[in-house]
Visitor: 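A single structure is presented below for examination.
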Amino acid sequence: MEYSRQEVMQYVQEEDVKFVRLAFCDLFGVQKNISIVSGELARAFTYGIAFDASAIAGFGGETRSDLLLHPEPETLMVLPWRPEHGKVVRMFSSITHPDGRPFACDSRRILKKAVEDARGAGYKFSFGAEQEFYLCKLDEKGEPTKIPSDHAGYMDIAPDDSGENVRREICLTLEQMGIQPESSHHEEGPGQNEIDFRYSDALTAADNAMTFQTVVKTVARRNGLWADFSAKPFADKPGNGFHINISVKAADRSDPLSHVIAGIMERIGEMTAFLNPTENSYARFGKDKAPRYISWSNENRSQLVRIPAAVGEYRRAELRSPDPFANPYLAFALMIYAGLYGIENRLELPPAVDCNWLQTGAAGLRQLPMDLHAACKAARDSAFIRAHLPGAVVDHYCGR
């Protein structure tokens, strides 16, 4: 349900809400927030709430460090793990300078612009997220360890799968927040899990991806565990992917999905620094069904892009290279722009690679950047990236 400002004010008053969290993320996709008492909400809506941005990653230095958060009422959510009496709610917030200018490194605003640009061109993109994570034990001091919570395998069940009840609690918590998980299961690695979401519009999908990691980490701690979303937590075990499903509807009722995929494949090397932003990200490529080459298939999960068997509104493509440390707002924005590039230039897909390159080799296929340095160089040299991301964003990710 989407709320207006007045409806939020009424809800806060009638439902015993004591604290309001104004949420945003740093440039690298780490969620942050400021908590205000409910009596300050009217001021937040009217003027914004100031904060010191100098210590936020990617938000600049100590000079001119004041920025303002402006809560967006349509994103209101109750945090169900907080007290029932004296509720806590959360709203995502846009970010401006004190003079009202939009903040260039507000990645949520960047995605909003991509959505608007797509709409202006006659297209609406939808996304579905599949994030993998490991559940690991805590030591006697409550500090994270690298000991997996179980030694189960792909789609195993209890008692081998000790994460079953944790996943159930995660899914129920998400439902309480109005987010609909589609499925969940144990993944291939010991203690590794995956929860998938039904597709939604780009901004909602990115907000939900941010919320998901917060919920997983919160529920894991409540169960004496911690959740590791890093790309390759264990050198000899499968990595964590952030598989992104994308679909598109055209105002003229055409089916441009193949052009969208071709555009993403054309630009993927330039986008990789933002989809895989850590050195650890590249240890995952080329292992355990994580892609290495720029290829696609209808079924094969070792390829960069998979087009699952589906028709009509369920027709989609799955990009398998990103990992959970990607900022979803930047990831979705770049995928939209690459898709529009493919549509505008009527790009055609190369032949499908319906074999497992891990077994047969990959002669003639282009390769993804295999380390962060190469990915950053491709991004810095890219006119496509510079056209769609502010220079400050590129500089923070890749240096000047």
Side-chain angles (χ1 to χ4, degrees), residues 25-32 53-61 103-111 113-114 131 206 209-210 213 229-233 235 239-244 246 263-287 290-295 304-305 319-342 362 365-400:
C25 70
D26 69 18
L27 188 56
F28 301 97
V30 177
Q31 187 168 318
K32 308 288 185 179
S54 63
I56 304 296
F59 278 24
F103 178 53
C105 292
D106 180 356
S107 54
R108 195 169 185 272
R109 189 185 296 274
I110 291 170
L111 177 56
K113 184 178 184 303
Q131 295 195 58
M210 293 293 301
Q213 290 202 13
F229 282 92
S230 62
K232 193 72 172 174
N240 288 323
F242 176 20
H243 303 149
I244 301 174
I246 184 172
I264 291 172
M265 291 178 63
E266 178 75 17
R267 296 299 187 185
I268 189 65
E270 300 154 64
M271 296 159 53
T272 294
F274 306 96
L275 305 179
N276 307 93
T278 69
E279 291 285 0
N280 181 249
S281 299
Y282 299 85
R284 171 176 157 264
F285 283 177
K287 303 178 180 70
R292 174 178 292 172
Y293 296 97
I294 301 173
S295 58
L304 173 69
V305 176
L319 181 65
R320 297 180 57 81
S321 62
D323 65 65
F325 272 22
N327 181 330
Y329 301 107
L330 295 182
F332 294 177
L334 288 173
M335 289 176 69
I336 288 172
Y337 283 125
L340 291 175
Y341 169 81
L365 294 178
R366 288 190 299 139
Q367 186 168 299
L368 292 167
M370 291 308 292
D371 58 53
L372 186 58
H373 175 77
C376 284
K377 184 179 187 307
R380 284 196 305 269
D381 294 345
S382 170
F384 169 78
I385 294 296
R386 290 284 180 180
H388 298 300
L389 293 183
V393 172
V394 180
D395 291 343
H396 280 301
Y397 268 80
C398 302
R400 297 180 185 274

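Sequential numbering from 1 along the given sequence is applied to the chain's residues.
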Visitor: Are any non-hydrogen side-chain atoms of I268 and L275 less than 4.5 angstrom apart?
Guide: yes

Visitor: For the CG atom of L365 and the CD1 atom of I294, what is their distance to the nearest 0.5 Å?
Guide: 9.0 Å

Visitor: For G58 versus C105, what's the shortest heavy-atom pair and its separation?
Guide: O-SG, 3.7 Å

Visitor: I'd like to know if the side chain of R284 reaches the main chain of S321, judged simply by a donor and an acceptor atom lying under 3.5 Å from each other, with no hydrogens or angles considered.
Guide: yes

Visitor: Quick check: do V30 and I56 have side-chain heavy atoms less than 4.5 Å from each other?
Guide: no

Visitor: Between the side chains of D323 and N276, is a donor N or O closer than 3.5 angstrom to an acceptor N or O?
Guide: yes

Visitor: Using every non-hydrogen atom in the two residues, find where P324 and Q213 come nearest and quote the distance to one decimal.
Guide: O-NE2, 2.9 Å

Visitor: Measure from the side-chain N and O atoms of R386 to the backbone N and O of V394, and report whether any donor-acceptor pair falls under 3.5 Å.
Guide: no

Visitor: Aromatic ring centroids of Y397 and F274 under 6.0 Å?
Guide: yes

Visitor: Would L319 and I246 count as a side-chain contact (heavy atoms from CB on, under 4.5 Å) if you check the C-alpha gap in whole Å, the side-chain angles of each, and the deciding distance to 0.1 Å?
Guide: CA-CA 8 Å; L319 181 65; I246 184 172; 6.0 Å; no

Visitor: Supply the atom-to-atom distance I244 CD1 to Q131 CD, rounded to the nearest 0.5 angstrom.
Guide: 8.5 Å

Visitor: To the closest 0.5 Å, what do you measure between CG (L389) and NZ (K113)?
Guide: 10.5 Å

Visitor: Quick check: closest heavy atoms across N327 and S107, and the distance to 0.1 Å?
Guide: ND2-OG, 3.0 Å

Visitor: So which atom in A333 and which in L111 form the shortest heavy-atom distance, rounded to 0.1 Å?
Guide: N-CD1, 3.6 Å

Visitor: How long is the span from the SG atom in C25 to the CG atom in D106, to the nearest 0.5 Å?
Guide: 7.5 Å

Visitor: Would F285 and Q367 satisfy side-chain contact (heavy atoms from CB on, under 4.5 Å), going step by step from the backbone distance to the final call?
Guide: CA-CA 10 Å; F285 283 177; Q367 186 168 299; over 6 Å; no

Visitor: Heavy atoms only: give me the nearest K32-D26 pair and the separation to one decimal.
Guide: CE-OD2, 3.9 Å

Visitor: Answer whether the closest heavy-atom distance between the side chains of T278 and L372 falls below 4.5 Å.
Guide: no

Visitor: Do F59 and F103 have ring centroids that are under 6.0 Å from one another?
Guide: yes

Visitor: I110 versus P390: any side-chain heavy-atom pair under 4.5 Å?
Guide: yes

Visitor: Can you find a pair of side-chain heavy atoms, one from P233 and one from N240, that are under 4.5 Å apart?
Guide: yes

Visitor: Once rounded to the nearest 0.5 Å, what's the spacing between atom CZ of R366 and atom CG of L304?
Guide: 9.5 Å

Visitor: Between M370 and R292, is a side-chain contact (heavy atoms from CB on, under 4.5 Å) present by the stated rule, with each step listed?
Guide: CA-CA 8 Å; M370 291 308 292; R292 174 178 292 172; 3.7 Å; yes

Visitor: Tell me if a side-chain donor or acceptor on R380 pairs with a main-chain N or O of C398 at a distance below 3.5 Å.
Guide: yes

Visitor: Under a 4.5 Å cut-off applied to non-hydrogen side-chain atoms, are L334 and I385 in contact?
Guide: yes

Visitor: Closest approach of E266 and E270, non-hydrogen atoms and distance?
Guide: O-OE2, 3.9 Å

